[in-house]
Amino acid sequence: MPAAVRRQGMLAGSHPVGGPREGAGPGPGRGEAAQPVHDGATEITTARQAADDALVLAFGRLQGAAGRLEYILGRALEEECGIGHLTFEVLLILARAGGPGLSMKEIGREQVLTTGGVTRLVDRMAAAGLVERAEDPSDRRGRLVRLTPLGEETAVRAARVHVENIRRYFVAPLPAGHLERFAEDLRILSHAARDELPRLR
């Protein structure tokens, strides 16, 4: 998500005090019934129509839910494990890749970061002992980033905290039987958006 470009702190408190901005995503209040979403071609001619458009509301609720959940879960990682959510995501990306590691460009593409943003983040992670740079066996001029033993240990410890909070804040509120379909829909959306992104340099 583009917000990832702004999430480059490893220290606790990198999220704004008080949580995400309330206006970040319009959505129904407590007790308000969700309105059906129709993918129509109705022309928007007034600001009120824009505010009440079903598709605009649906996407705003997605943004709002993502922002609030990221704040809640990210804050827990910072407080209990000493790392930010973006750092945790990079640890997972490197763990998933395995082998000799990933290039900075590959990390940036996964997290929607510019080259400079990736460099600064990896520098901080290396200084904390979570990752290390190594030669690329397929390109002597290239450098790869891989987990250190401390990075592996931190990823495991943080994942245990993260999974418990995912169950509490992401899974528990959903109606029974909805999770599998919802998770698949999110995967489709994530991949489609990733494929539309320009290559960042």
Side-chain angles (χ1 to χ4, degrees), residues 1-8 15 19-21 23-28 32-44 49-77 84-99 101-115 117-118 121 145 155 158-201:
M1 295 176 65
V5 178
R6 302 190 295 271
R7 303 193 317 270
Q8 297 176 9
H15 292 283
R21 179 170 53 87
E32 180 183 341
Q35 299 299 314
V37 177
H38 301 289
D39 188 12
T42 304
E43 182 180 1
I44 296 174
Q49 285 180 320
D52 291 341
D53 183 84
L55 292 179
V56 172
L57 285 170
F59 187 74
R61 287 163 185 156
L62 175 64
Q63 287 185 304
R68 294 178 180 95
L69 286 170
E70 182 176 1
Y71 176 78
I72 294 168
L73 274 64
R75 190 64 177 265
L77 287 173
H85 199 177
L86 181 55
T87 297
F88 176 58
E89 289 294 333
V90 172
L91 291 177
L92 295 182
I93 289 169
L94 294 173
R96 197 173 294 122
L102 293 176
S103 68
M104 301 287 245
K105 185 176 181 180
E106 289 171 319
I107 295 172
R109 185 170 187 270
E110 287 293 326
Q111 283 299 312
V112 197
L113 291 171
T114 62
T115 300
V118 174
L121 176 61
V145 181
R160 290 171 178 166
V161 171
H162 201 50
V163 166
E164 286 304 311
N165 285 320
I166 289 172
R167 290 194 180 107
R168 178 179 180 185
Y169 297 109
F170 180 71
V171 177
L174 293 175
H178 282 215
L179 178 61
E180 185 174 344
R181 175 59 186 271
F182 185 46
E184 175 62 12
D185 288 345
L186 289 176
R187 185 193 67 80
I188 293 171
L189 286 172
S190 178
H191 286 195
R194 182 190 63 189
D195 293 342
E196 289 293 327
L197 286 172
R199 293 183 178 274
L200 298 178
R201 290 179 170 81

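Computed from heavy atoms alone, side chains included, the values below leave out hydrogens, waters and symmetry copies. Count residues from 1 along the sequence.
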(request) Indicate yes or no for a side-chain donor-acceptor contact from E106 to the backbone of S103 under 3.5 Å, with no hydrogens or angles considered. (result)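 Yes, the answer is positive, given that a donor and an acceptor are paired below the 3.5 Å cut-off.
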(message) If you apply the rule side chain to side chain contact (heavy atoms under 4.5 Å, CB included), what do you find for R194 with R109, and how did you get there?
(response) CA-CA 8 Å; R194 182 190 63 189; R109 185 170 187 270; 4.0 Å; yes
(request) Write down the atom of L186, the atom of L62, and the distance for their closest heavy-atom approach. (result)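 For L186 versus L62, the nearest heavy atoms are CD2-CD1, 4.5 Å.
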(request) Determine whether E89 and E110 make a side-chain contact, defined as any pair of heavy atoms from C-beta on separated by less than 4.5 Å. (result)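 They are not in side-chain contact.
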(request) Dump the intermediate steps for side chain to side chain contact (heavy atoms under 4.5 Å, CB included) on N165 and V161, then the final yes or no. (result) CA-CA 6 Å; N165 285 320; V161 171; 3.7 Å; yes
(message) How close do F88 and A155 get, counting heavy atoms only, and between which atoms?
(response)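 Of all heavy-atom pairs spanning F88 and A155, the closest is CE1-O, 3.8 Å.
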(request) Might you point out which heavy atoms bring Q49 and E43 nearest each other, and give the distance in Å? (result)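 In this case the closest contact between Q49 and E43 is OE1-O, 4.0 Å.
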(message) Using modelled atom types and a 3.5 Å cut-off, is there a donor and acceptor pairing between side-chain atoms of R168 and backbone atoms of E164?
(response)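 Checking the backbone N and O of E164 against the side chain of R168, no donor-acceptor pair under 3.5 Å is found.
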(message) Just to verify, what does Y169 make a ring-ring contact (aromatic ring centres under 6.0 Å, His included) with, not counting sequence neighbours?
(response)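 Counting only residues at least two positions away or on another chain, Y169 forms no ring-ring contact (aromatic ring centres under 6.0 Å, His included).
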(message) Once rounded to the nearest 0.5 Å, what's the spacing between atom OG1 of T87 and atom CG of L121?
(response)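 If we round to the nearest 0.5 Å, T87:OG1 and L121:CG are 5.0 Å apart.
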(request) List the steps, then state whether side chain to side chain contact (heavy atoms under 4.5 Å, CB included) holds for I107 with L94. (result) CA-CA 8 Å; I107 295 172; L94 294 173; 4.1 Å; yes
(request) Report the C-alpha separation of R181 and E184 in whole Å, then their side-chain angles, then the decisive distance to 0.1 Å, and conclude whether the salt bridge (Lys or Arg N to Asp or Glu O under 4.0 Å) test is met. (result) CA-CA 5 Å; R181 175 59 186 271; E184 175 62 12; over 6 Å; no
(request) Would you indicate whether the side-chain heavy atoms of F170 and L179 approach each other to under 4.5 Å? (result)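 SC-SC contact between L179 and F170 confirmed.
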(request) Measure the spacing between CD1 of I72 and CD1 of I166 and express it to the nearest 0.5 Å. (result)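 Between atom CD1 of I72 and atom CD1 of I166 there are 12.5 Å.
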(request) Would you sort out whether V145 and L102 count as a side chain to side chain contact (heavy atoms under 4.5 Å, CB included), showing the intermediate values? (result) CA-CA 5 Å; V145 181; L102 293 176; 5.7 Å; no
